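One structure is given here, and the rest of the page talks about it.
In this text, all values refer to a predicted model and were calculated from it rather than measured experimentally.
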Amino acid sequence: MLRILAAFIFFTRLPFWRLAEVPSEYFKNVVSRWALVGWLTAGLSVIVLYTASLILPASVAVLLAIVTRLLITGCLHEDGLADFFDGFGGGTSRERILSIMKDSHIGSYGVIGLILYFALLYTLLSSLPLTLAGSAILAGDPFSKGVAGMIINRLPYARKEEEAKNKTVYSRMTTSEYTCCLFSALIPMFWLPEPVYLLAGLLPVLVFYFLTSLMKKKIQGYTGDCCGATFLLCELSFYLGIAVIYTTII
(Lines give C-alpha, C1' and ligand atoms only; values in the text may rest on other atoms or scores of the structure.)
Protein backbone atom coordinates (compact mmCIF):
# COMPACT_ATOMS: atom_id res chain seq x y z
CA MET A 1 0.00 0.00 0.00
CA LEU A 2 2.87 2.40 0.73
CA ARG A 3 4.19 1.83 -2.80
CA ILE A 4 0.85 2.88 -4.25
CA LEU A 5 0.68 5.86 -1.91
CA ALA A 6 4.19 6.89 -2.97
CA ALA A 7 3.05 6.98 -6.60
CA PHE A 8 0.06 9.19 -5.81
CA ILE A 9 2.26 11.53 -3.76
CA PHE A 10 4.91 11.71 -6.49
CA PHE A 11 2.68 12.13 -9.54
CA THR A 12 -0.01 14.42 -8.11
CA ARG A 13 -0.23 17.56 -5.99
CA LEU A 14 -3.12 16.25 -3.92
CA PRO A 15 -2.35 15.94 -0.17
CA PHE A 16 -1.86 12.17 -0.11
CA TRP A 17 1.29 12.76 1.95
CA ARG A 18 -0.98 13.44 4.92
CA LEU A 19 -2.19 9.84 4.98
CA ALA A 20 1.12 8.29 5.99
CA GLU A 21 4.85 8.90 5.96
CA VAL A 22 6.43 7.08 3.03
CA PRO A 23 10.14 6.11 3.17
CA SER A 24 12.22 7.65 0.39
CA GLU A 25 13.21 4.29 -1.11
CA TYR A 26 9.60 3.62 -2.10
CA PHE A 27 9.72 6.47 -4.59
CA LYS A 28 12.18 4.50 -6.72
CA ASN A 29 9.33 2.15 -7.66
CA VAL A 30 6.56 4.63 -8.44
CA VAL A 31 6.66 4.18 -12.23
CA SER A 32 5.09 0.71 -12.01
CA ARG A 33 2.05 2.38 -10.33
CA TRP A 34 1.98 5.34 -12.73
CA ALA A 35 -0.90 3.88 -14.75
CA LEU A 36 -2.85 3.41 -11.53
CA VAL A 37 -2.46 7.12 -10.83
CA GLY A 38 -3.95 7.62 -14.30
CA TRP A 39 -7.20 6.13 -13.04
CA LEU A 40 -7.48 9.10 -10.66
CA THR A 41 -6.34 11.85 -13.02
CA ALA A 42 -8.53 10.56 -15.85
CA GLY A 43 -11.51 9.98 -13.58
CA LEU A 44 -11.47 13.47 -12.09
CA SER A 45 -10.92 15.03 -15.52
CA VAL A 46 -13.93 13.19 -16.96
CA ILE A 47 -16.12 14.12 -13.98
CA VAL A 48 -15.33 17.78 -14.70
CA LEU A 49 -15.87 17.19 -18.43
CA TYR A 50 -19.34 15.72 -18.01
CA THR A 51 -20.42 18.09 -15.22
CA ALA A 52 -19.29 21.20 -17.07
CA SER A 53 -21.01 20.05 -20.26
CA LEU A 54 -24.37 20.26 -18.49
CA ILE A 55 -24.16 24.06 -18.33
CA LEU A 56 -21.40 25.00 -20.77
CA PRO A 57 -20.54 24.30 -24.42
CA ALA A 58 -18.70 21.01 -25.00
CA SER A 59 -15.58 22.86 -26.18
CA VAL A 60 -15.36 24.72 -22.87
CA ALA A 61 -15.95 21.49 -20.95
CA VAL A 62 -13.00 19.89 -22.77
CA LEU A 63 -10.77 22.83 -21.86
CA LEU A 64 -11.80 22.59 -18.20
CA ALA A 65 -11.06 18.86 -18.21
CA ILE A 66 -7.55 19.57 -19.52
CA VAL A 67 -7.03 22.25 -16.86
CA THR A 68 -8.21 19.82 -14.18
CA ARG A 69 -5.38 17.39 -14.85
CA LEU A 70 -2.87 20.23 -14.99
CA LEU A 71 -3.96 21.28 -11.51
CA ILE A 72 -3.89 17.72 -10.16
CA THR A 73 -0.39 16.99 -11.44
CA GLY A 74 1.08 20.46 -11.03
CA CYS A 75 2.06 20.44 -14.72
CA LEU A 76 4.69 17.82 -13.88
CA HIS A 77 4.53 16.07 -17.26
CA GLU A 78 4.16 19.27 -19.28
CA ASP A 79 7.31 20.66 -17.68
CA GLY A 80 9.11 17.52 -18.81
CA LEU A 81 7.73 17.88 -22.32
CA ALA A 82 8.97 21.46 -22.58
CA ASP A 83 12.44 20.47 -21.35
CA PHE A 84 12.47 17.52 -23.75
CA PHE A 85 11.70 19.76 -26.74
CA ASP A 86 14.31 22.28 -25.64
CA GLY A 87 16.98 19.67 -25.07
CA PHE A 88 16.49 17.55 -28.16
CA GLY A 89 15.66 20.56 -30.32
CA GLY A 90 18.58 22.74 -29.32
CA GLY A 91 21.23 20.26 -28.18
CA THR A 92 23.85 18.90 -30.56
CA SER A 93 25.64 16.54 -28.17
CA ARG A 94 24.73 14.28 -25.27
CA GLU A 95 26.20 16.66 -22.70
CA ARG A 96 24.51 19.69 -24.24
CA ILE A 97 21.09 18.00 -24.42
CA LEU A 98 21.27 16.94 -20.76
CA SER A 99 22.44 20.40 -19.73
CA ILE A 100 19.59 22.13 -21.55
CA MET A 101 16.98 19.78 -20.08
CA LYS A 102 18.27 20.47 -16.57
CA ASP A 103 18.00 24.24 -17.08
CA SER A 104 14.87 25.57 -15.36
CA HIS A 105 14.32 28.21 -18.04
CA ILE A 106 12.11 27.39 -21.02
CA GLY A 107 13.40 28.05 -24.53
CA SER A 108 11.80 28.62 -27.91
CA TYR A 109 11.56 24.90 -28.71
CA GLY A 110 9.78 24.29 -25.42
CA VAL A 111 7.31 27.14 -25.95
CA ILE A 112 6.46 26.12 -29.50
CA GLY A 113 6.27 22.46 -28.51
CA LEU A 114 3.80 23.15 -25.70
CA ILE A 115 1.65 25.39 -27.91
CA LEU A 116 1.43 22.69 -30.58
CA TYR A 117 0.82 19.97 -27.99
CA PHE A 118 -2.07 21.76 -26.30
CA ALA A 119 -3.54 22.86 -29.65
CA LEU A 120 -3.57 19.25 -30.88
CA LEU A 121 -4.85 17.87 -27.57
CA TYR A 122 -7.73 20.34 -27.40
CA THR A 123 -8.60 19.98 -31.09
CA LEU A 124 -8.59 16.18 -31.02
CA LEU A 125 -10.77 15.88 -27.91
CA SER A 126 -13.14 18.62 -29.10
CA SER A 127 -13.60 16.84 -32.43
CA LEU A 128 -15.12 13.82 -30.66
CA PRO A 129 -18.63 13.42 -29.28
CA LEU A 130 -18.58 14.22 -25.57
CA THR A 131 -19.20 10.65 -24.42
CA LEU A 132 -16.47 9.30 -26.70
CA ALA A 133 -14.04 12.01 -25.53
CA GLY A 134 -14.70 10.97 -21.93
CA SER A 135 -14.17 7.30 -22.74
CA ALA A 136 -10.98 8.14 -24.61
CA ILE A 137 -9.59 10.04 -21.61
CA LEU A 138 -10.51 7.25 -19.19
CA ALA A 139 -8.64 4.77 -21.39
CA GLY A 140 -5.88 6.91 -22.87
CA ASP A 141 -4.47 8.47 -19.71
CA PRO A 142 -3.66 5.26 -17.79
CA PHE A 143 -2.82 3.24 -20.91
CA SER A 144 -0.31 5.81 -22.14
CA LYS A 145 1.24 6.05 -18.67
CA GLY A 146 1.63 2.28 -18.67
CA VAL A 147 3.30 2.34 -22.08
CA ALA A 148 5.57 5.26 -21.15
CA GLY A 149 6.48 3.56 -17.88
CA MET A 150 8.24 0.81 -19.81
CA ILE A 151 11.01 3.32 -20.53
CA ILE A 152 12.73 2.33 -17.29
CA ASN A 153 12.93 -1.27 -18.51
CA ARG A 154 14.22 -0.39 -21.98
CA LEU A 155 16.78 2.29 -21.17
CA PRO A 156 19.23 3.08 -18.35
CA TYR A 157 19.10 6.38 -16.51
CA ALA A 158 21.15 8.93 -18.45
CA ARG A 159 22.52 10.84 -15.46
CA LYS A 160 24.11 10.00 -12.14
CA GLU A 161 21.64 9.72 -9.27
CA GLU A 162 22.95 12.85 -7.54
CA GLU A 163 22.38 14.81 -10.78
CA ALA A 164 18.69 13.87 -11.00
CA LYS A 165 16.27 16.78 -10.62
CA ASN A 166 14.25 15.00 -7.93
CA LYS A 167 17.24 13.04 -6.58
CA THR A 168 15.45 9.81 -7.47
CA VAL A 169 16.47 7.19 -10.03
CA TYR A 170 13.71 4.71 -10.81
CA SER A 171 14.40 1.01 -10.32
CA ARG A 172 13.67 -1.41 -13.14
CA MET A 173 10.40 -3.26 -12.70
CA THR A 174 10.29 -6.66 -11.10
CA THR A 175 7.95 -9.30 -12.51
CA SER A 176 5.20 -8.38 -10.04
CA GLU A 177 5.63 -4.67 -10.73
CA TYR A 178 5.55 -5.27 -14.48
CA THR A 179 2.30 -7.25 -14.06
CA CYS A 180 0.80 -4.47 -11.93
CA CYS A 181 1.72 -1.87 -14.57
CA LEU A 182 0.33 -4.01 -17.37
CA PHE A 183 -3.05 -4.64 -15.75
CA SER A 184 -3.41 -1.03 -14.55
CA ALA A 185 -2.84 0.14 -18.13
CA LEU A 186 -5.03 -2.39 -19.93
CA ILE A 187 -8.12 -2.61 -17.71
CA PRO A 188 -9.24 1.01 -18.46
CA MET A 189 -9.31 0.15 -22.17
CA PHE A 190 -12.69 -1.47 -21.49
CA TRP A 191 -14.10 2.06 -21.25
CA LEU A 192 -13.85 2.31 -25.04
CA PRO A 193 -17.35 1.90 -26.55
CA GLU A 194 -16.36 -0.32 -29.52
CA PRO A 195 -13.63 -2.99 -29.87
CA VAL A 196 -12.33 -1.27 -33.02
CA TYR A 197 -11.11 1.64 -30.89
CA LEU A 198 -8.56 -0.71 -29.33
CA LEU A 199 -6.56 -0.25 -32.53
CA ALA A 200 -5.72 3.24 -31.30
CA GLY A 201 -3.51 1.56 -28.71
CA LEU A 202 -1.01 0.66 -31.43
CA LEU A 203 0.02 4.28 -31.97
CA PRO A 204 1.35 4.90 -28.43
CA VAL A 205 3.45 1.75 -28.73
CA LEU A 206 4.96 3.00 -32.00
CA VAL A 207 5.55 6.47 -30.56
CA PHE A 208 7.20 4.89 -27.50
CA TYR A 209 9.55 2.84 -29.66
CA PHE A 210 10.48 5.87 -31.79
CA LEU A 211 11.10 8.16 -28.80
CA THR A 212 13.10 5.63 -26.79
CA SER A 213 15.19 4.84 -29.87
CA LEU A 214 15.89 8.56 -30.26
CA MET A 215 16.85 8.85 -26.59
CA LYS A 216 19.13 5.83 -26.84
CA LYS A 217 20.89 7.37 -29.83
CA LYS A 218 21.17 10.92 -28.48
CA ILE A 219 21.74 10.54 -24.71
CA GLN A 220 22.15 6.77 -24.21
CA GLY A 221 19.32 6.64 -21.71
CA TYR A 222 16.36 8.53 -20.27
CA THR A 223 15.68 11.24 -17.71
CA GLY A 224 12.59 12.21 -15.72
CA ASP A 225 11.78 14.79 -18.38
CA CYS A 226 11.89 12.03 -20.99
CA CYS A 227 9.33 10.05 -18.98
CA GLY A 228 6.86 12.94 -18.91
CA ALA A 229 7.37 13.75 -22.57
CA THR A 230 6.93 10.13 -23.61
CA PHE A 231 3.66 9.86 -21.70
CA LEU A 232 2.14 13.01 -23.18
CA LEU A 233 3.16 12.22 -26.75
CA CYS A 234 1.92 8.63 -26.42
CA GLU A 235 -1.39 9.89 -25.07
CA LEU A 236 -1.69 12.44 -27.87
CA SER A 237 -1.14 9.71 -30.45
CA PHE A 238 -3.84 7.62 -28.75
CA TYR A 239 -6.39 10.41 -29.13
CA LEU A 240 -5.28 10.86 -32.72
CA GLY A 241 -5.99 7.19 -33.32
CA ILE A 242 -9.43 7.49 -31.70
CA ALA A 243 -10.26 10.50 -33.89
CA VAL A 244 -9.12 8.73 -37.07
CA ILE A 245 -11.18 5.64 -36.25
CA TYR A 246 -14.23 7.75 -35.43
CA THR A 247 -14.09 9.72 -38.68
CA THR A 248 -13.17 6.87 -41.04
CA ILE A 249 -14.59 3.65 -39.62
CA ILE A 250 -17.42 4.28 -37.17
Side-chain angles (χ1 to χ4, degrees), residues 3-14 16-17 22-38 41 69-70 72-91 94-107 109-110 113-114 117 141-142 144-173 177 181 184-185 204 207-236:
R3 296 183 188 278
I4 295 176
L5 183 59
F8 280 89
I9 292 173
F10 188 87
F11 289 116
T12 76
R13 292 298 177 264
L14 300 178
F16 288 105
W17 52 270
V22 180
S24 58
E25 61 266 22
Y26 282 86
F27 290 95
K28 294 185 177 182
N29 305 101
V30 294
V31 176
S32 62
R33 276 79 177 177
W34 195 9
L36 196 60
V37 177
T41 53
R69 192 174 72 180
L70 293 176
I72 294 172
T73 63
C75 301
L76 176 66
H77 310 311
E78 289 73 18
D79 178 69
L81 182 64
D83 288 340
F84 176 83
F85 281 133
D86 275 336
F88 282 80
R94 178 181 185 275
E95 291 71 24
R96 183 57 180 156
I97 292 172
L98 291 174
S99 175
I100 292 174
M101 285 199 292
K102 196 171 184 178
D103 191 341
S104 60
H105 297 89
I106 187 171
Y109 285 102
L114 285 179
Y117 163 74
D141 184 326
S144 298
K145 284 173 177 169
V147 172
M150 295 301 162
I151 194 174
I152 67 173
N153 296 327
R154 183 160 196 253
L155 298 175
Y157 191 70
R159 294 191 176 104
K160 297 178 182 179
E161 184 169 356
E162 59 270 18
E163 296 175 346
K165 283 185 179 180
N166 53 27
K167 306 305 178 184
T168 300
V169 175
Y170 309 123
S171 301
R172 287 177 178 266
M173 296 182 197
E177 288 172 339
C181 181
S184 298
V207 169
F208 170 83
Y209 181 79
F210 169 76
L211 290 176
T212 53
S213 296
L214 178 65
M215 295 169 202
K216 183 178 181 179
K217 178 181 179 181
K218 294 290 187 177
I219 60 174
Q220 293 82 58
Y222 76 93
T223 67
D225 291 330
C226 293
C227 291
T230 301
F231 157 57
L232 292 179
L233 295 177
C234 284
E235 184 189 35
L236 193 65

Measure across [X] and [Y] and return the closest heavy-atom pair with its distance rounded to 0.1 Å.
X: Gly87; Y: Ile97; result: O-CG1, 3.4 Å
X: Pro142; Y: Gly38; result: CD-O, 4.0 Å
X: Asp86; Y: Gly107; result: OD2-N, 2.7 Å
X: Arg172; Y: Glu177; result: O-OE1, 3.8 Å
X: Cys181; Y: Ala35; result: O-CB, 4.2 Å
X: Ile72; Y: Thr41; result: CG2-CG2, 3.9 Å

Holding to salt bridge (Lys or Arg N to Asp or Glu O under 4.0 Å), I want the full list of residues that pass it with Arg69, two or more places apart in sequence or in another chain. Asp141, Glu235

Under the salt bridge (Lys or Arg N to Asp or Glu O under 4.0 Å) test, residues paired with Glu78 that sit two or more places apart: none

For [X], which residues count as a side-chain contact (heavy atoms from CB on, under 4.5 Å) partner, sequence neighbours excluded?
X: Arg94; result: Leu98, Ala158, Ile219, Gln220
X: Ser171; result: Lys28, Asn29
X: Leu211; result: Phe84, Val207, Met215, Thr230, Leu233

Val31 and side-chain contact (heavy atoms from CB on, under 4.5 Å): which partner among Asn153, Ile152, Ile151? Ile152

Once rounded to the nearest 0.5 Å, what's the spacing between atom [atom1] of [X] and atom [atom2] of [Y]?
X: Asp225; Y: Phe85; atom1: CG; atom2: CZ; result: 12.0 Å
X: Ser184; Y: Lys145; atom1: OG; atom2: NZ; result: 11.5 Å
X: Ser32; Y: Met150; atom1: OG; atom2: CE; result: 9.0 Å
X: Tyr222; Y: Lys216; atom1: OH; atom2: NZ; result: 15.0 Å
X: Cys75; Y: Leu114; atom1: SG; atom2: CG; result: 9.0 Å

Using a 3.5 Å distance criterion without hydrogens, assess whether the side chain of Thr212 forms a donor-acceptor pair with backbone atoms of Phe208. yes

For Val22 and Phe27, what are the C-alpha separation, side-chain angles and deciding distance, and is it a side chain to side chain contact (heavy atoms under 4.5 Å, CB included)? CA-CA 8 Å; Val22 180; Phe27 290 95; 3.9 Å; yes

Side chain proximity check, Leu236 to Tyr117, heavy atoms < 4.5 angstrom: yes

Any side-chain heavy-atom pair from Cys226 and Phe88 closer than 4.5 angstrom? yes

Please assess Val30 against Ile9 for the test side chain to side chain contact (heavy atoms under 4.5 Å, CB included), listing each intermediate value before the final yes or no. CA-CA 9 Å; Val30 294; Ile9 292 173; over 6 Å; no

Which residues pass the ring-ring contact (aromatic ring centres under 6.0 Å, His included) test with Phe8, sequence neighbours left out? Phe16

Centroid-centroid distance, Tyr170 to Tyr157, less than 6.0 Å: no

Ring geometry between Phe11 and His77 (parallel below 30°, tilted from 30 to 60°, perpendicular above 60°): tilted

Atom OH of Tyr109: over 12 foreign heavy atoms under 6.0 Å: no

Is there a side chain to side chain contact (heavy atoms under 4.5 Å, CB included) between Leu76 and Arg13 once you walk through the steps? CA-CA 9 Å; Leu76 176 66; Arg13 292 298 177 264; 4.2 Å; yes

Under the ring pair (Phe, Tyr, Trp, His ring centres under 6.0 Å) criterion, do Trp34 and Phe10 qualify, and how do the steps go? CA-CA 9 Å; Trp34 195 9; Phe10 188 87; 9.1 Å; no

